[in-house]
Amino acid sequence: MINNLQKYQFVCTLTFGDIYGQIIVWLITITVSLATALALMGARRPVYALAGVGLIVLLSLPFLLFAFVTTLLNHIELRPVDTATQTSKTGTSSTESQPALRATT
């Protein structure tokens with residue numbers, strides 16, 4: 001059983017395009033909250049404007065972090081390392097043996 005153990009490497013395939021939509025949605029949320037705050041600033045109680053922005057940021061940030069972390073975890077792969085390739089590359093450094101990130105265009 002010990003002879004069947006393989007070595008694995010972690011590979012992250014996350015690209016900017018994977019989280020681009022999440023960033024845009026959060027920027028829209030922040031823009032709307034700031035527009036609401038500016039509208040409330042003209043009212044008699046500007047404290048409500050600051051509380052509104054704080055509340056929107058406070059409530060939206062956990063959702064943003066949850067979406068980003070789950071997207072990141074979905075793009076982490078555990079790949080087995082080929083032992084034949086590993087023994088032939090004993091002279092290479094560890095940075096040369098890592099796969100390149102995939103680019104999306």
Side-chain angles (χ1 to χ4, degrees):
M1 178 161 183
I2 294 177
N3 294 334
N4 292 335
L5 292 177
Q6 293 181 348
K7 293 186 178 181
Y8 293 92
Q9 65 180 358
F10 285 102
V11 179
C12 180
T13 60
L14 184 70
T15 61
F16 183 70
D18 297 325
I19 60 169
Y20 188 71
Q22 296 171 7
I23 293 171
I24 294 298
V25 167
W26 199 64
L27 286 175
I28 290 170
T29 304
I30 295 300
T31 304
V32 168
S33 72
L34 290 176
T36 305
L38 284 175
L40 289 174
M41 278 292 186
R44 294 180 184 229
R45 297 185 183 174
V47 176
Y48 290 140
L50 296 175
V53 171
L55 187 65
I56 290 173
V57 170
L58 184 70
L59 292 177
S60 68
L61 192 59
F63 291 105
L64 174 76
L65 292 175
F66 176 77
F68 178 72
V69 168
T70 54
T71 303
L72 176 65
L73 291 177
N74 285 333
H75 285 84
I76 293 178
E77 297 177 1
L78 190 62
R79 294 183 185 166
V81 176
D82 186 19
T83 56
T85 307
Q86 185 181 10
T87 56
S88 66
K89 290 185 176 181
T90 55
T92 61
S93 68
S94 62
T95 57
E96 292 174 3
S97 63
Q98 294 182 1
L101 291 177
R102 128 182 101 101
T104 59
T105 54

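Count residues from 1 along the sequence.
With hydrophobic clusters built from ILVMFWY side chains whose heavy atoms lie under 4.5 angstrom apart, Leu64 does not share a cluster with Ile24. Leu58 and Ile56 fall into different hydrophobic clusters, where Ile, Leu, Val, Met, Phe, Trp and Tyr residues are linked whenever their side-chain heavy atoms come under 4.5 Å apart, directly or through other members. Transitive grouping of hydrophobic side chains (ILVMFWY, heavy atoms separated by less than 4.5 Å) keeps Leu65 and Phe68 in distinct clusters. Note: the hydrophobic cluster containing Leu72 also contains Tyr20 (ILVMFWY, side chain heavy atoms under 4.5 Å, direct or indirect links). If you chain together hydrophobic residues whose side chains sit under 4.5 Å apart, Ile30 and Val53 fall into the same group.
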Output, in order, the C-alpha distance, side-chain angles, deciding distance and verdict of side-chain contact (heavy atoms from CB on, under 4.5 Å) for Trp26 and Leu61.
CA-CA 8 Å; Trp26 199 64; Leu61 192 59; 3.8 Å; yes
One pair to check against side-chain contact (heavy atoms from CB on, under 4.5 Å): Thr29 and Thr31. What are the steps and the verdict?
CA-CA 5 Å; Thr29 304; Thr31 304; over 6 Å; no
Step by step, would you call Leu50 with Met41 a side-chain contact (heavy atoms from CB on, under 4.5 Å)?
CA-CA 9 Å; Leu50 296 175; Met41 278 292 186; 4.0 Å; yes
For a side-chain contact (heavy atoms from CB on, under 4.5 Å) check, start with the C-alpha distance between Ile19 and Leu14, then their side-chain angles and the critical distance, and finish with the verdict.
CA-CA 8 Å; Ile19 60 169; Leu14 184 70; 4.2 Å; yes
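Between Gln22 atom CD and Phe63 atom CZ the span is 13.5 Å, to the nearest 0.5 Å.
Grouping Ile, Leu, Val, Met, Phe, Trp and Tyr residues whose side-chain heavy atoms lie under 4.5 Å apart, directly or via other members, places Leu59 in a hydrophobic cluster with Leu55.
Closest non-hydrogen pair, Ala49 versus Ala37, comes out as CB-O, 3.4 Å. Annotation for Arg79 and Thr13: closest pair NH2-CG2, 4.2 Å, computed over non-hydrogen atoms. Considering every non-hydrogen atom in both Leu78 and Tyr8, the closest pair reads CD1-CB, 3.6 Å.
Looking at Thr15 and Asp18, their side chains do bring a donor and an acceptor atom within 3.5 Å of each other.
Leu27 is not listed as a side-chain neighbour of Val25, based on a closest heavy-atom distance of 4.5 Å or more.
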